[in-house]
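Given the structure is predicted, the values throughout are model-derived calculations rather than measurements. Residue numbers start from 1 in every chain, and the chains themselves are labelled A, B, ... in the order their sequence lines are given, proteins ahead of strands.
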Amino acid sequence: MNFLRVTITRMAYAALLLVAVLILNFTLMHLAPGDVADTIAQSAGGIDAEALEQIRREYGLDQPFIVQLGGYIGRVLQFDLGYSFFYSRPVTDLILDRLPATLLLVIAAQILALTVGVVFGVISARKPNGIFSHFVTLASLVGYSAPVFWTGLLMLVMFSLILPWFPVAGMRDVTIENGNIFIHTVDVARHLVLPMVTLASIFVALYSRLSRASMIEVLGSDYVRTAKAKGLKSNQVVYKHALKNAISPVITLAGLQLSAIVSGAVLVETVFSWPGLGTLAFQSIIARDTPTILGILFFSSLVVIVGNQVTDLVLRLVDPRVGSKK
Amino acid sequence: MTEPLLKVQNLRVELTTRNGTAPVIDDVSFELHAGENLSFVGESGCGKSMTALAIMGLLPEGIGRITAGSIMFDGQELTELSQERLRRIRGNDISMIFQEPMTSLNPVYTIGEQIVEVLLAHQSISRADAWAEAATLLDAVRIPKARERLKDYPFQLSGGQRQRVMIAIALACKPKVLIADEPTTALDVTVQAQIFDLLRDLRQETGTSIILITHDMGAVAEMAERMIVMYAGRIAEIGAVDDIIGTPRHPYTKGLISCVPHVLAHVTDEKQPLTEVPGIVPSLREFGKDQCLFASRCQHRTQQCLTARPQSVNFDGAQSADCWHAGTL
């Protein structure tokens with residue numbers, strides 16, 4: 001079947017892309033000055049040249065670049081992302097520990113941003129010169145311009161300090177010990193609110209602007225006029241006929257923005273001490289923990305590539321013309 | 001004579017533009033009787049489509065509005081009805097097909113869904129029955145394998161097929177009036193002829209009155225009983241098709257008719273040069289002035305034409321022309 005063949009071709013491309021990402025990441029890390037031996041030497045408060053060489057030999061850092069690269073790719077293909085010198089744990093374990101928290105944050109923020117963005121966009125498109133429309137335009141500008149870590153700090157000041165509604169940091173309340181699943185879920189949800197809203201703020205701006213523009217265009221189209229001429233109710237015209245057409249570019253953008261959300265998560269996680277890949281990335285960069293950094297890069301590329309495939313799939317569901325040969 | 005189905009009186013529609021408001025429809029009156037075919041002709045920008053949209057209550061929101069006159073349909077004053085009441089009439093008692101079949105159907109829904117939807121909006125009918133009815137309708141507009149085609153999306157259909165689907169949608173609720181706004185402009189010539197044939201046959205079967213808006217004099221001669229020639233938002237000439245084409249009274253009508261090319265008996269015959277009406281339709285700023293708006297393009301222009309709007313001159317039967325010199329030309 002056509003659909004199956006397309007999917008398989010795409011997966012093959014994705015795999016090739018992933019290998020390219022691996023090579024690029026490794027090369028970049030190799031080009032950067034300093035390595036883990038330097039960090040160990042630093043933390044030991046100075047070390048002589050011979051000991052430094054020995055550390056390098058132990059970790060295989062004295063090998064030629066191409067050998068190191070080959071070894072790395074070979075190990076990654078066996079799902080071995082290496083061993084973290086800094087955390088003294090296999091990188092794969094480290095990442096799998098942190099991945100759920102990041103995925104929770106990223107997916108929650110993306111869903112929030114899409115929902116609020118599209119609702120804002122549609123409402124303001126129905127009255128492009130109304131007060132609400134101007135408010136959305138202004139709010140989008142502010143939301144998009146404000147740096148996400150600054151927004152995060154403001155949220156903390158407002159909703160954790162002045163109004164102590166939400167916890168300041170972390171993902172779980174350590175004082176809850178024998179709670180059932182419900183209590184834990186509520187606890188995590190309460191911790192999630194501020195980081196999620198902060199991360200979503202930028203993307204709400206993007207999505208609401210795009211869906212407003214897209215909706216205004218579609219509302220002026222011939223088939224919307226046909227829908228009105230059929231005597232359909234105004235909500236049916238807007239939500240059934242116009243929105244399903246206007247949403248396609250928003251979905252495309254949301255797929256493209258996935259990488260931006262993942263990198264935005266690094267900043268947000270750091271501000272809110274959210275125990276995800278972002279904080280791990282931040283700490284391992286400071287520690288020059290190369291295997292961990294590479295592992296995180298690998299996983300974030302994986303998330304973005306998978307996200308793009310999902311986007312394509314959703315687009316096919318929304319618009320029958322996508323992927324059609326005729 | 002019986003009460004007309006649709007009676008438009010002194011209709012005035014104003015359009016808000018950057019340079020103020022302009023009357024795109026200026027004091028237009030006409031009647032449409034049950035089962036009749038009335039055609040509107042005129043160049044682009046003469047207010048033909050605006051008249052149709054005004055009847056449908058679909059003037060561009062915030063830009064166009066009816067400022068005077070009345071539209072009586074079946075005993076109801078359409079200009080005073082609420083949006084909700086108008087909605088119940090649209091697609092049900094009065095429906096419309098548009099110029100652009102390529103873009104007038106929603107690309108993300110199957111044509112079946114788009115036909116079923118209008119049935120569900122106006123009739124108390126189950127979904128299953130509506131689908132069965134949709135297949136019948138598609139069959140009536142002569143799309144082969146109707147039942148299978150219902151599951152097709154618009155992009156899988158040709159332009160002519162899409163216009164047939166639009167006609168099926170428009171006729172789904174057996175409307176009393178069908179407004180066809182240049183239904184064949186975007187289609188090629190052989191398909192045009194098929195669509196006109198279809199409209200004519202469907203009219204005979206259903207008795208629906210048709211308002212046909214077109215540039216095509218040939219189609220008017222073939223399809224319509226009465227016609228209205230519009231120019232710059234005003235009626236230039238109105239009357240029976242045979243009378244107007246036989247003896248046009250307004251210089252603009254004469255111009256339009258002489259523009260129709262004649263088919264020669266032999267391709268080697270000497271070709272007559274194609275005539276045209278010189279000049280263009282005046283800009284919206286000129287609309288509504290107290291003068292003959294055609295004067296700038298008219299070879300019979302006199303001082304009177306530039307100082308006062310012409311009054312209707314009635315001729316035998318029901319033909320009348322808005323021209324100061326209609327009686328003498």
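- Counting heavy atoms of neighbouring residues, nucleotides and ligands inside a 6.0 Å radius, atom OH of A:Tyr144 does not exceed 12 of them.
- B:Thr103 contributes no side-chain N or O that, together with a main-chain N or O of A:Asp222, makes up a donor-acceptor pair within less than 3.5 Å.
- Expressed to the nearest 0.5 Å, how far OH of B:Tyr109 lies from CG of A:Asn245 amounts to 8.0 Å.
- Comment: A:Lys240 engages B:Glu113 in a salt bridge, judged by a side-chain N to carboxylate O separation of less than 4.0 angstrom.
- The neighbour count for A:Glu217 CD, taken as heavy atoms of other residues, nucleotides or ligands under 6.0 Å away, does not exceed 12.
- Sparse packing is recorded around CZ of B:Arg65, with 12 or fewer heavy atoms of other residues, nucleotides or ligands lying under 6.0 Å away.
- The choice from B:Ser95, B:Pro107, B:Ala121, B:Gly91 that makes the most heavy-atom pairs within less than 4.5 Å of chain A is B:Pro107.
- In this structure a side-chain-to-backbone donor-acceptor pair under 3.5 Å is missing from B:Arg90 to A:Lys230.
- Proximity to chain A is limited to the side chain of B:Ile169, based on heavy atoms less than 4.5 angstrom apart.
- The minimum heavy-atom distance between B:Phe98 and A:Ala229, with the atom names listed, is CZ-CB, 3.8 Å.
- Counting heavy-atom pairs closer than 4.5 Å to chain A, the top-ranked of the candidates B:Met166, B:Glu117, B:Met56 is B:Glu117.
- Chosen from B:Glu100, B:Met96, B:Arg88, B:His122, the residue pairing most often with chain A at heavy-atom distances under 4.5 Å is B:His122.
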For the pair B:Asn106 and A:Thr226, evaluate side-chain contact (heavy atoms from CB on, under 4.5 Å) and give the outcome as yes or no after the intermediate values. CA-CA 8 Å; B:Asn106 195 326; A:Thr226 305; over 6 Å; no

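- Heavy atoms closer than 4.5 Å to chain B are found in the backbone of A:Val318, but not in its side chain.
- Within a 6.0 Å sphere centred on CD of B:Glu61, heavy atoms belonging to other residues, nucleotides or ligands number 12 at most.
- Interatomic distance, A:Lys233 NZ to B:Glu84 CD, rounded to the nearest 0.5 Å: 6.5 Å.
- No more than 12 heavy atoms of other residues, nucleotides or ligands shown are found within 6.0 angstrom of CD1 on A:Ile131.
- The neighbour count for A:Phe132 CZ, taken as heavy atoms of other residues, nucleotides or ligands under 6.0 Å away, is above 12.
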